[in-house]
Peer 1: 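Have a look at this one.
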Amino acid sequence: MDKSYNHKEVEERIYKLWEDTGYFNPDNLPDAKKRKPFCIIMPPTNANGNLHAGHALVITIEDIMTRYKRMKGFKSLWLPGLDHAGFETQVVYERKLEKEGRSRFKMSPEDLYREILEFTNSNKSNIKSQTRKMGASCDWSRENFTLDENIIKTVYETFKKLYEAKLIYRGKKIINWCPKHQTSLSDLETKDEERTEKLYYLKYGPFTIATARPETKFGDKYVVMHPKDKRYKDYKEGQKIQLEWITGPIIATVIKDEAIDMEFGTGAMTITPWHDPVDFEIAERHNLEKDQIIDFRGRLLSIAGEFSGMKILEARPKIIEKLQAKGLVKKIEENYKHTVKTCYKCNSLIEPQIKKQWFLKMKPLAKPAIKAIEQDKIKFIPKHYKKIILHWLKNIIDWPLSRQIVWGIPIPVWYKGEEVFIGENPPEELGWVREEDTFDTWFSSGQWPFATLKSKEGDFKKFYPTDVMETAGEIIFFWVARMIMLGIYATKKIPFKTVYLHGLVLDAKGQKMSKSKGNVINPLDITDKYGTDALRIGLVMGNTPGTSLSSDENKIRGFRNFSTKIWNASRFVLMNLEDYKKVKMTAKDKKKVADFKKKAKEITKLMDDYKFYRAAEKIYGYFWHTFCDKIIEESKKDLAGENRASAQNMLLEILSGSMKILHPFMPFITEEIYQALPLKNKKKSLIIEDWPK
RNA sequence: GGGCGGUUAGCUCAGCUGGUUAGAGCGCCGCAUUUACACUGCGGAGGCCGAGGGUUCGAGUCCUUCACCGCCCACCA
């Protein structure tokens, strides 16, 4: 063995050795037929950039589970995948275009699609080589991409099935519109932002109404109050009132609705159904007319009279000026705090709009999911996520599936007048027009576990339902909940037994990593400097599921030192094994081996309980402070005396056992050492060795 | 407005179903230097386990109230 551990050279050579054995593919494992299946589907990596610390954590945890189960004798499949990541990728690409002084809106959809595809393809190979560097023992022969033909086929089948079951419908409903990205977004893709703005009290005939958005008020011709509000008892539902409004006289109609909060403002409000979800609901209930005031680019329409064509924020002060001149402004409250919805990617103010879109009815899909979770058919780690997901599922609303972006799976629908055809290819006759929108990317990733397993003959039967879904707690609603619902719907089975959710990787001070703060850890830099094994165990140790992990270079350096320790201890043992032969051990040495086995048993229990952070800590502490500091030190006397052979046996047994236990955490260095050990019945690779019993 | 998580050594965090002197890593302070390893070894300092109350023979660990920090969800014009 070399005097020091050269991680760069070893990692490259060892990963190749593993790939050459073919054991990442469970079909190639020894006695593959007799093994019980174990399966993890890798969350498909967004192919729009480099691996970041979060990816490194995913790969590490999932690889630990996969390697552990493989050593425990399972037919262990970890299926890798890449994600076109629809909107996310398009946003990344649009930023790139912006920097180049270009714009998606000046390109044909075909050109834009082609460019993003090229961009994604070049990232794919990058991501894959980085995943290999992390030591991932996934089966590359089963790799899937979310735009693969067979995936799309499955997605279309599900869509059709849902449509025929009347769970999918096309509706003209209010949606979240991002004026910058020119697409609708689901509620999950928006975030609330608290703003302090002015609240205007306006005279509306005999009423006073309050609004923070006077620029939406042009078409307001309904005034709504609570049916029990005594202040307005003299006004009857449907009563018409003529009054002077922004651009002239109008006829307003009185509406009574219980959605009105009597405590707020004057208890009377006008509604803008086209641009406000609450108002939309009221209008739907009372069958009221809806007028569009603002176009999809955020400019006022002709209904705004002299303000038409103006951007809404420019128009606001001018409208107020006019209202003041007409004596319609009663009062202005300066510091009115309220929350507004913004696009989660660009922070633009969301402008609700009414648009014809495809929706998925969620209540019927949520029902069996709720039941499964309530009956603990799915185990959540950590368990408090059970409550969180149940709460969300119980309050679920319909899911808008349509996105007005090119980078995604096209919605397989054709129209001819009122007729609708579901399918990729329209009927023979002429005149069918294709739907232009694409699916929300989560509609396809929500089907990932069964879509991927169906792409290889026999896999679905063998590996579905899968065992563990490991992903970031952040995307529990986006992804996990939808996989459960769509999985149960499409396959009648819950797609996984256990959901393991990890937290964010934070910097040393506990702050979220971001490029602007300059505190991002690039996993590949760390790997380069300290070795993949050091990074891996550094990401796991002290990392409780669900909570965030603080990490910095200093910590990783400590684990590099551990690698060195492992290397040197192994070197010492090997240096003393030239004349090794198997003999019976002394009672003292037997006791040491027995102690190790006891430790191994404790660790196995922790591994089975998904407490990798504690398992890692245990083997770390044992190896360094018991094996190195005590056992090796004490053995030096024996090695020089009559008990030499016994000591050799004892050292080899504990060292090889430790390499096995450390292997899921630190695969490279342990394999390298394993290859050098003079063991009987040695396997081709440590990855198929038996886990210590 | 509702819900969830956190508060333990200077820092980052463990501590499972309550049980002898509360743990780890990093940091800090001594000592050791032709040792497998200085990317080291040995030794050490450092904690009224957020605050109050309760249950118990016994509580970081269970119950309760409060404070502060963080996150999520929600249509208040």
Side-chain angles (χ1 to χ4, degrees), chain A residues 1 3-5 174 187-188 191-192 199-202 209-214 216-217 220 223-225 259-272 276-282 336 338-339 341 352 382 384-392 394-395 397 473-474 476-477 503-504 506-512 530-531 534 537-538 541-544 546-576 602 605-606 609 611 613-614 616-618 620-621 624-625 628-630 632-633 635-636 639 651:
Chain A
M1 273 171 97
K3 186 130 201 280
S4 64
Y5 174 59
I174 195 152
D187 280 354
L188 289 176
K191 53 180 192 201
D192 290 341
L199 184 67
Y200 306 94
Y201 287 81
L202 307 178
I209 57 151
T211 183
R213 299 195 63 194
T216 65
K217 298 275 133 192
D220 288 15
V223 58
V224 193
M225 54 219 75
I260 302 299
D261 180 356
M262 288 190 266
E263 309 289 308
F264 190 90
T266 59
M269 73 169 200
T270 60
I271 55 167
T272 312
D276 185 287
V278 181
D279 297 1
F280 178 85
E281 293 294 323
I282 294 172
Y336 174 63
H338 67 151
T339 52
K341 274 192 178 183
H384 72 259
Y385 275 107
K386 178 180 164 180
K387 275 190 211 164
I388 294 174
I389 197 169
L390 275 175
H391 179 261
W392 189 76
K394 285 178 179 172
N395 294 289
I397 54 167
E474 272 185 307
I476 184 165
F477 306 137
L504 297 165
L506 306 173
D507 76 355
K509 289 178 196 144
Q511 289 184 310
K512 200 165 172 173
Y530 301 112
I537 195 160
M541 236 163 101
N543 187 6
T544 330
T547 32
S548 300
L549 165 81
S550 292
S551 191
D552 67 340
E553 225 183 291
N554 221 18
K555 188 171 161 186
I556 307 295
R557 196 190 313 127
F559 292 110
R560 188 272 320 267
N561 296 354
F562 182 51
S563 300
T564 308
K565 192 75 187 175
I566 295 172
W567 188 256
N568 284 312
S570 305
R571 217 155 54 84
F572 172 82
V573 173
L574 280 164
M575 274 160 50
N576 286 288
E602 286 168 30
K605 173 87 173 45
L606 291 169
D609 288 344
K611 288 180 180 158
Y613 58 105
R614 288 181 63 193
E617 213 172 80
K618 267 217 154 113
Y620 174 96
W624 198 318
H625 302 299
C628 294
D629 293 347
K630 304 226 162 61
I632 287 189
E633 287 311 313
S635 77
K636 285 177 181 170
L639 285 169
L651 289 172

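Chain A is the first sequence line, chain B the second, and so forth, proteins listed ahead of strands; every chain is numbered from 1. Side chains are part of it too, since the values below use all heavy atoms of this structure and drop only hydrogens, waters and symmetry mates.
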Peer 1: Does B:rG30 adopt a syn or an anti glycosidic conformation, taking syn as a chi angle within 90° of 0?
Peer 2: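 B:rG30: anti.
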
Peer 1: Would you mind classifying the nucleic acid contact of A:Lys618 as base, sugar-phosphate or nothing, using non-hydrogen atoms under 4.0 angstrom?
Peer 2: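 It contacts nothing in the nucleic acid.
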
Peer 1: In whole Å, I'd like the distance from the CD1 atom of A:Ile271 to the C1' atom of B:rA77.
Peer 2: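 To the nearest whole Å, that distance equals 11 Å.
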
Peer 1: Heavy atoms only, 4.0 Å cut-off, all strands: where does A:Ile260 land among base, sugar-phosphate and nothing?
Peer 2: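 Touches a base.
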
Peer 1: Whole-Å distance between B:rC26 P and A:Asn561 CG?
Peer 2: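 Interatomic distance, CG of A:Asn561 to P of B:rC26: 8 Å.
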
Peer 1: Scan A:Phe562 against the nucleic acid and name what it touches under 4.0 Å (heavy atoms): base, sugar-phosphate only, or nothing.
Peer 2: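 Here A:Phe562 touches no strand at all.
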
Peer 1: Rounding to an integer number of angstrom, what distance separates B:rU17 and B:rC13 when you compare their C1' atoms?
Peer 2: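 It comes out at 22 Å once rounded to the nearest Å.
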
Peer 1: Within this structure, what is the CH2-to-P distance between A:Trp392 and B:rC71, rounded to whole angstrom?
Peer 2: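 Value for this atom pair: 21 Å.
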
Peer 1: With P as the reference atom in both, quote the distance from B:rA24 to B:rC42 in angstrom, rounded to an integer.
Peer 2: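 Comparing P positions in B:rA24 and B:rC42 gives a spacing of 13 Å.
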
Peer 1: I'd like the C1' distance from B:rG50 over to B:rG3, given in whole Å.
Peer 2: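 Here B:rG3 and B:rG50 have their C1' atoms 22 Å from each other.
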
Peer 1: May I have the distance from A:Lys555 (atom NZ) to B:rU12 (atom P), rounded to whole angstrom?
Peer 2: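 Rounded to the whole Å, the gap is 12 Å.
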
Peer 1: Among the candidates B:rA36, B:rG15, B:rG5, find the nucleotide nearest to the side-chain atoms of A:Arg571.
Peer 2: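 Minimum distance to the A:Arg571 side chain belongs to B:rA36.
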
Peer 1: Once you apply a heavy-atom cut-off of 4.0 Å, does A:Asp629 come out as touching a base, just sugar-phosphate, or nothing?
Peer 2: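 Contact class for A:Asp629: sugar-phosphate only.
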
Peer 1: Work out how far the C1' atom of B:rG54 is from that of B:rG47, and round it to whole angstrom.
Peer 2: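 Approximately 25 Å lies between the C1' atom of B:rG54 and that of B:rG47.
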
Peer 1: What does A:Asn554 touch in the nucleic acid at a heavy-atom separation under 4.0 angstrom: a base, only the sugar-phosphate, or nothing?
Peer 2: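 Sugar-phosphate only.
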
Peer 1: Taking atom C1' in both B:rA14 and B:rU7, what distance in whole Å separates the two?
Peer 2: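 Those two atoms are separated by 15 Å.
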
Peer 1: If you take atom types as modelled and just measure distance, does the side chain of A:Glu263 reach the base of B:rA77 with a donor-acceptor pair under 3.5 Å?
Peer 2: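 It does not, because no donor-acceptor pair links the side chain of A:Glu263 to the base of B:rA77 below 3.5 Å.
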
Peer 1: Could you tell me whether the phosphate oxygens of B:rC39, OP1 or OP2, come under 4.0 Å of any side-chain nitrogen or oxygen in A:Tyr530?
Peer 2: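 For A:Tyr530, the contact criterion (side-chain N or O under 4.0 Å from OP1 or OP2 of B:rC39) is not met.
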
Peer 1: Rounded off to whole Å, could you give me the NZ-to-P distance for the A:Lys636 and B:rU35 pair?
Peer 2: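 Checked: the NZ to P distance equals 10 Å.
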
Peer 1: Could you give the distance separating B:rG2 and B:rG23 at their C1' atoms, to the nearest angstrom?
Peer 2: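 Their C1' atoms lie roughly 37 Å apart.
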
Peer 1: Using a heavy-atom cut-off of 4.0 Å across all strands, would you classify A:Glu633 as base, sugar-phosphate, or nothing?
Peer 2: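 Base contact - A:Glu633 has a heavy atom under 4.0 Å of at least one base atom.
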
Peer 1: Return one dot-bracket line describing RNA chain B 5' to 3' (Watson-Crick or G-U wobble pairs, both distances under 3.5 Å; ( ) same strand, [ ] crossing, | another strand, . none).
Peer 2: (((((((..((((.....[...)))).(((((.......))))).....(((((..]....))))))))))))....

Peer 1: Counting any heavy atom closer than 4.0 Å, what does A:Tyr201 reach on the DNA or RNA strands: base, sugar-phosphate only, or nothing?
Peer 2: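 Nothing, no heavy atom under 4.0 Å.
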
Peer 1: Taking the six-membered ring of A:Phe572, is the NZ or CZ of A:Lys636 close enough (under 6.0 Å from the centre) and on axis enough (within 45°)?
Peer 2: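 A:Lys636 over A:Phe572 ring: yes.
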
Peer 1: Whole Å only: how far is the OH atom of A:Tyr620 from the P atom of B:rA14?
Peer 2: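 The distance from OH of A:Tyr620 to P of B:rA14 comes to 17 Å, rounded to the nearest Å.
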
Peer 1: Of the nucleotides B:rC37, B:rA77, B:rG25, which has the atom closest to the A:Lys565 side chain?
Peer 2: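 It is B:rC37.
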
Peer 1: Would you say B:rG41 has OP1 or OP2 under 4.0 Å from some side-chain N or O of A:Trp624?
Peer 2: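 Result: yes.
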
Peer 1: Taking the same atom, C1', in B:rG27 and in B:rA36, what whole-Å distance lies between them?
Peer 2: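 It comes out at 27 Å once rounded to the nearest Å.
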
Peer 1: What pairs with A:Lys387 under side chain to side chain contact (heavy atoms under 4.5 Å, CB included), at least two apart in sequence or on another chain?
Peer 2: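 A:Lys387 satisfies side chain to side chain contact (heavy atoms under 4.5 Å, CB included) with no residue once adjacent residues are dropped.
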
Peer 1: Regarding A:Asp220 and A:Thr270, is there a side-chain donor-to-acceptor distance under 3.5 Å anywhere?
Peer 2: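 There is such a pair (donor and acceptor under 3.5 Å, judged by atom type) between the side chains of A:Asp220 and A:Thr270.
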
Peer 1: Could you give the OH-to-P distance, from A:Tyr5 to B:rU40, as a whole number of Å?
Peer 2: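 Going from OH in A:Tyr5 over to P in B:rU40 covers 17 Å.
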
Peer 1: Would you say A:His338 places a side-chain N or O within less than 4.0 Å of OP1 or OP2 belonging to B:rA74?
Peer 2: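 For B:rA74, OP1/OP2 do not have a side-chain N/O of A:His338 under 4.0 Å.
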
